[in-house]
Amino acid sequence: MIESKSALRVILMGPPGSGKGTQGEILSSLWHIPRIAPGDIFRTEIKAQTELGLQVKAFSDSGTLVPDEIVTAMMRSRLSQPDTKLGWLLDGFPRTVGQAESLDTLLAELTQAYDYVINLEVPDQILIDRLKIRAEIDGRTDDSEDVIKNRLQEYYAKTKPLLDFYGQKVIVIDGTLTLEEVTKDIQDKLSSI
Ligand code: AMP
């Protein structure tokens with residue numbers, strides 16, 4: 001089991017509906033590191049009708065990725081906050097190769113490095129079913145059928161290529177297992193490295 005006495009920096013990846021957000025919350029609390037999720041930050045900003053919220057609302061509502069410059073500037077400021085000194089879990093960033101390159105630059109500036117890249121794998125049809133159920137339960141505005149399709153298209157076009165960017169560093173996890181099994185699998189795989 002990982003004990004985060006020293007800094008622990010994790011990038012958690014996976015398509016929409018892979019359980020990334022839920023695992024991110026569980027792991028960040030187990031490892032005592034902040035979970036940094038741009039999607040959540042954007043939803044908060046949209047609700048508060050801030051300048052950033054207004055800039056990103058149309059993208060988020062339609063399931064289209066927010067332009068790299070906006071996301072990267074926001075992450076630069078977030079990763080410079082004092083609570084990130086002992087690590088972080090990135091949930092939903094980077095989502096494009098451009099963002100991954102910006103993250104490398106930013107981490108070099110901060111003299112930090114990521115320790116693990118985790119990818120939750122779930123087949124398409126299971127993702128669509130899960131997202132539809134979530135739409136009914138949470139009422140998220142970006143979980144309607146058209147928007148779900150667009151989010152998956154965005155994922156395959158822009159985010160999936162990141163798996164090649166990170167290559168051998170990616171730790172693949174079967175995201176179809178139960179919540180508890182996925183958490184355990186992640187912990188087991190990380191402690192065996
Ligand atoms: P999520 O909650 O992670 O599914 O994100 C919700 C929405 O926020 C996405 O559909 C995008 O519009 C936007 N978003 C979140 N993270 C990113 C990112 N790294 N790059 C671009 N857009 C993002």
Side-chain angles (χ1 to χ4, degrees), residues 9-28 34-80 84 88-107 114 117-122 124 126-166 170 175 182:
R9 302 186 182 96
V10 178
I11 297 173
L12 182 59
M13 304 205 315
S18 61
K20 190 166 51 66
T22 310
Q23 289 300 328
E25 280 174 14
I26 295 171
L27 296 168
S28 88
R35 163 178 169 262
I36 301 177
D40 283 0
I41 297 173
F42 290 148
R43 275 185 288 279
T44 305
E45 299 280 331
I46 291 168
K47 219 170 171 187
Q49 298 187 321
T50 63
E51 200 182 323
L52 175 61
L54 295 173
Q55 270 183 312
V56 302
K57 183 173 174 13
F59 296 105
S60 177
D61 281 352
S62 66
T64 304
L65 291 186
V66 170
D68 281 357
E69 312 76 65
I70 298 178
V71 189
T72 303
M74 191 270 285
M75 288 303 288
R76 170 175 285 273
S77 131
R78 181 63 188 92
L79 285 171
S80 308
T84 60
W88 34 252
L89 181 143
L90 302 187
D91 170 354
F93 182 87
R95 249 162 149 140
T96 66
V97 171
Q99 290 178 18
E101 288 167 350
S102 299
L103 177 64
D104 281 351
T105 308
L106 176 58
L107 293 181
Y114 55 82
V117 183
I118 299 168
N119 186 47
L120 297 183
E121 272 192 359
V122 177
D124 245 15
I126 297 182
L127 294 176
I128 293 169
D129 293 345
R130 283 184 179 180
L131 288 167
K132 280 186 190 158
I133 293 169
R134 188 167 84 186
E136 283 162 24
I137 296 172
D138 293 0
R140 254 177 69 161
T141 50
D142 58 352
D143 275 342
S144 76
E145 205 160 333
D146 280 352
V147 177
I148 289 173
K149 271 194 198 135
N150 194 34
R151 290 171 66 208
L152 286 175
Q153 268 166 14
E154 287 282 270
Y155 172 78
Y156 286 111
K158 298 177 185 169
T159 308
K160 210 167 174 215
L162 272 180
L163 295 176
D164 288 333
F165 180 89
Y166 288 118
V170 179
V182 174

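First listed ligand is number 1; within each ligand, the first listed atom is number 1.
Looking only at heavy atoms of the protein, atom 18 (C) of ligand 1 is closest to R95 CD, 3.5 Å. Counting protein heavy atoms only, atom 5 (O) of ligand 1 is closest to G39 CA, 3.5 Å. For atom 23 (C) of ligand 1, the closest non-hydrogen atom on the protein side is F42 CE1, 3.9 Å. Of all protein heavy atoms, the one lying nearest to atom 19 (N) of ligand 1 is G92 O, 2.8 Å. The shortest contact between atom 7 (C) of ligand 1 and any protein heavy atom is with S60 OG, 3.9 Å.
Under a 3.5 Å cut-off, the side chain of R130 and the backbone N or O of G17 do form a donor-acceptor pair. Using a distance-only test at 3.5 Å, with no hydrogens or angles considered, no donor-acceptor pair links the side chain of T72 to the main chain of E69. Side chain of T159 to main chain of R95: a donor-acceptor pair is present (N/O by atom type, distance under 3.5 Å, no hydrogens or angles). Side chain of N150 to backbone of S62: a donor-acceptor contact under 3.5 angstrom is found.
Rounding to the nearest 0.5 angstrom, the gap separating the CD atom in Q23 from the OG atom in S28 is 11.0 Å.
Between D40 and R43, at least one side-chain N (NZ, or NE/NH1/NH2) sits under 4.0 Å from a carboxylate O, which counts as a salt bridge.
Taking a cut-off of under 4.0 Å to the non-hydrogen atoms of P38, the atoms of ligand 1 that pass are 16 (N). Each of the following atoms of ligand 1 lies closer than 4.0 Å to a heavy atom of Q99: 18 (C), 19 (N), 20 (N), 21 (C). Below 4.0 Å from some heavy atom of V71 lie the following atoms of ligand 1, by number and element: 18 (C), 19 (N), 20 (N), 21 (C). The atoms of ligand 1 that sit less than 4.0 Å from any heavy atom of F59 are 12 (O).
Atom 21 (C) of ligand 1 is approached by the protein to below 4.0 angstrom, counting heavy atoms only.
When the heavy-atom distances from atom 12 (O) of ligand 1 to T64, L65, V66 are ranked, the shortest goes to T64. With atom 4 (O) of ligand 1 as the reference point, the heavy atom nearest to it among R43, R151, K158, K20 is part of R151.
Proximity of E101 to T105: side-chain heavy atoms (C-beta onward) are nowhere separated by under 4.5 Å.
L79 approaches T84 most closely through the heavy-atom pair O-OG1, 3.2 Å.
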